[in-house]
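Take a look at the structure set out below.
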Amino acid sequence: MLTRIKTSTAAIALLLSLATALPVLAHHSFAVFFDSEKMITMEGVVEQFQFRNPHGLISFTVRQPDGKSAKWRAETNSPSILERRGWKRDSLKAGDQIKVEGWPARDGSNYMRMRSVVRADGAPVGVPFETTEQK
Amino acid sequence: MNARGLFAALLLSAALTACTSQSQPQAQSQAQRPDFSGFWNLSRNAGEHDPALEKLLPEGTVEMKDTGAAEFGPMVFGGLELTPAAAAAARDWKPEIEMTLERVCRIPSIVYAVQGPFPIEIFQDTNLMVMRLEYFDMTRVIFLDGRDPNPEGMPNTKTGYSVGHFEGDVLVVTTTHLKEATITNNGLEHSDQMRVIERFRLSEDGKTLHATQEYEDPVMLENRGVRYINWTRVDGDHVHAYDCDPTFVEEYAK
């Protein structure tokens, strides 16, 4: 399994273009905890999906280029917001292969803020934030 | 309720409304008032200016430009000038403390919660408006009956004490008695002396709810700030439970 981390001008431009469509932040400050000028994409296997406020949490294992495994966690929006975008409590199950795109934690830990999730076949989980203004 | 019962209820309601109008001659009649009732999602252009509300702002009010998803980084406060006490507290603030069991579910006040990216739902009647916020399951009560705006013995809470009146098609709401809470979610807190003035106005097609939320806090702010807020009407939806679970931080700490 490949691990891919991207930080590119294109990603930053995309982020800026989606400024008004950023995922629901609030609670603990996004700007303080995450680097909005970087975007990363991580591929891995779901270990656990917790669907609760103030944030959902996807715990997943990433196979690194050196063959070792690393545990990552992706914090999601509030579940009530995600529900309006088609997410459910069981949208992700242990063993699911996923690709998570989002913003990395400023402290350099294996923690990120989710922007979108797609399955191994490329199908998005829920409705991506940039494609629907409302429900 | 059968037809006769419904007729009697309507008659009673009309009579009560008439009595209320007689006791408050300055009040605008219900028929003339815009009705803000409904479910409202923060608009994509959440912080866009409504020109009609913009011209009502006092001169010198600074716009904070962090409505909705946007948030300020450390020691950035969108033009707000902090008193020495507020600045010292902001400098001492550490983001890590927000990710503790004690604070992760700390409820904000309406200063941060209303502009946040969560939806609201409004129920409006002649003398009362109820605003439910999905964020932290908050419920605001806004009195529209002309009662005392500064009653004695009112406790400070995160939703405060709100009285409103209509100026034409604009609902003006003044809120006091707020409990200390964050303003910008990055270390700047307001005091219990915070006074919030909100103006709400419907778009001509009724699909957008425009608002401004002004802040005055002599303890923490040297100047006056405002956020523009816009919501889009969504029929058939309602606020969901928030039900904050502080054990979230246990995962963060791993």
Side-chain angles (χ1 to χ4, degrees), chain A residues 15-37 47-60 71-85 87 103 105-107 109-113 115 129-135, chain B residues 39 41-48 66-76 93-100 103-106 108 112-113 115-119 134-137 182 184-187 232-237 239-252 254:
Chain A
L15 173 61
L16 291 174
S17 73
L18 297 172
T20 55
L22 286 172
V24 174
L25 310 176
H27 179 245
H28 67 95
S29 170
F30 175 92
V32 170
F33 280 86
F34 300 99
D35 188 344
S36 64
E37 297 195 343
E47 283 191 350
Q48 189 181 31
F49 177 44
Q50 294 168 290
F51 203 58
R52 61 185 177 185
N53 278 311
H55 301 284
L57 199 70
I58 306 166
S59 302
F60 59 108
K71 293 190 183 301
W72 272 76
R73 286 160 302 148
E75 176 184 302
T76 77
N77 306 83
S78 162
S80 63
I81 299 296
L82 289 180
E83 282 176 338
R84 293 192 175 92
R85 295 183 176 274
W87 284 71
W103 299 271
R106 286 186 182 277
D107 65 5
S109 61
N110 291 351
Y111 195 84
M112 62 190 292
R113 179 61 183 244
R115 177 177 168 284
F129 279 89
E130 66 272 28
T131 58
T132 305
E133 181 177 351
Q134 296 299 332
K135 292 171 65 178
Chain B
F39 177 87
N41 243 342
L42 202 69
S43 301
R44 181 173 283 261
N45 55 346
E48 196 169 279
D66 66 338
T67 301
E71 287 194 322
F72 298 131
M75 292 303 290
V76 178
W93 176 78
K94 299 285 185 293
E96 294 79 21
I97 67 168
E98 303 301 338
M99 295 296 267
T100 57
R103 289 182 64 97
V104 71
C105 286
R106 183 186 183 219
Y112 183 75
Q115 60 82 36
F118 289 84
E134 188 162 287
Y135 198 30
F136 282 93
D137 303 304
T182 188
T184 46
N185 205 23
N186 63 350
T232 301
R233 184 188 295 278
V234 180
D235 293 328
D237 206 345
V239 296
H240 293 190
Y242 191 77
D243 202 16
C244 190
D245 180 353
T247 60
F248 163 75
V249 297
E250 294 174 345
E251 294 294 330
Y252 180 79
K254 284 180 181 173

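These figures come from a predicted structure and were not determined experimentally. Hydrogens, waters and symmetry mates play no part in the numbers below; they use all other heavy atoms, side chains included. In what follows, chains are A, B, ... by sequence order, proteins preceding strands, each numbered from 1.
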State the CD-CZ distance between Glu75(A) and Phe248(B), to the nearest 0.5 angstrom. 4.0 Å
For the residue pair Asp243(B) and Arg52(A), establish whether any side-chain heavy-atom pair is separated by less than 4.5 Å. no
Beyond-backbone contact of Glu134(B) with Ile81(A), side-chain heavy atoms, under 4.5 angstrom: yes
Side chain to side chain, Tyr135(B) and Ser78(A), heavy atoms closer than 4.5 Å: no
Under a 4.5 Å heavy-atom cut-off, does chain A meet the side chain of Pro119(B), its backbone, both or neither? side chain
Distance-minimising heavy-atom pair for Phe118(B) and Ser80(A): CE2-OG, 4.1 Å
Residues Arg84(A), Asp237(B): salt bridge by 4.0 Å N-O rule: yes
Between CD on residue Glu71(B) and CZ on residue Phe33(A), distance to nearest 0.5 Å: 10.5 Å
Side chains of Tyr242(B) and Pro54(A), heavy atoms from C-beta outward: is any pair under 4.5 Å? yes
Under a 4.5 Å heavy-atom cut-off, does chain A meet the side chain of Val76(B), its backbone, both or neither? neither
Nearest 0.5 Å please: distance from the OG1 atom of Thr247(B) over to the CD atom of Gln50(A). 7.5 Å
Measuring heavy-atom distances to chain A, does Ala241(B) have an atom under 4.5 Å in its side chain, in its backbone, in both, or in neither? backbone
